[in-house]
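Step one of this worksheet: look at the structure below.
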Amino acid sequence: MQVALTMVSGNAKTGPIPTSTTEESSCSPSCPLLGKGCYAKYGPQKIHWRKVSNNERGVVWSEFIALIRKIQRGQLWRHNVAGDLPHNNGDID
């Protein structure tokens, strides 16, 4: 599972906080937005998400967890601007 961590987001909605993006295959088949207007698939996020999904950006899940542990305690951060948590047929792992 490929995940990208941006330490200072340029996203106007989140502000300059850390944000993460998980590859497209992480999306649950039970997601109500799957194929029906998913922001990341059709919005401005799609270029970054595609690169994460194609292993052009980001790190594997275990490395991502190590990076998260380095974020200062109490720091607000947004997990999964795009993507989802690891799951088994829609059930969070």
Practice problem: Verify the cluster assignment for Met1 and Leu5: are they in a single hydrophobic cluster under the rule of side-chain heavy atoms below 4.5 Å apart? | Solution: yes
Practice problem: Hey, could you give me the CH2/NZ distance between Trp49 and Lys41, rounded to the nearest 0.5 Å? | Solution: 6.0 Å
Quiz item: Can a donor-acceptor pair be found between the side chains of Gln45 and Thr21 at a distance below 3.5 Å?
Solution: yes
Quiz prompt | Pairwise distance NE2(His48) to OG(Ser53) - rounded to 0.5 angstrom | solution = 9.5 Å
Practice problem: Mark yes or no for whether Glu23, through its side chain, and Gln2, through its backbone, hold a donor-acceptor pair below 3.5 Å. | Solution: yes
Quiz item: Should Met7 and Val3 be regarded as members of a common hydrophobic cluster, given that ILVMFWY residues are connected when their side-chain heavy atoms come within less than 4.5 Å of each other, either directly or indirectly?
Solution: yes
Distance-only criterion, 3.5 Å: show the donor-acceptor pairs between side-chain atoms of residues 73-84 and protein atoms not counting sequence neighbours.
residue: His79; atom: ND1; partner: Ser20; partner atom: OG; Å: 2.6
residue: Asn80; atom: OD1; partner: Thr22; partner atom: OG1; Å: 2.5

Quiz item: What is the distance from atom OG of Ser28 to atom CG of Leu85, rounded to the nearest 0.5 Å?
Solution: 10.5 Å
Quiz prompt | Shortest non-hydrogen separation from Pro29 to His87 and the atoms involved | solution = CD-CE1, 3.6 Å
Quiz item: Under 3.5 Å, is there a donor-acceptor pair between the side chain of Asn11 and the main chain of Lys13?
Solution: yes
Quiz prompt | Verify same cluster id: Phe64, Val60 (apolar side-chain graph, 4.5 Å) | solution = no
Exercise. To the nearest 0.5 Å, tell me how far Arg57 CZ sits from Thr6 OG1.
Key: 8.0 Å
Self-check item: Connected via hydrophobic side-chain network under 4.5 Å: Trp61 and Ile68
Solution: yes
Exercise. Go through the steps to decide whether Thr19 and Thr14 satisfy the test side chain to side chain donor-acceptor pair (under 3.5 Å), and finish with yes or no.
Key: CA-CA 8 Å; Thr19 60; Thr14 63; 5.6 Å; no
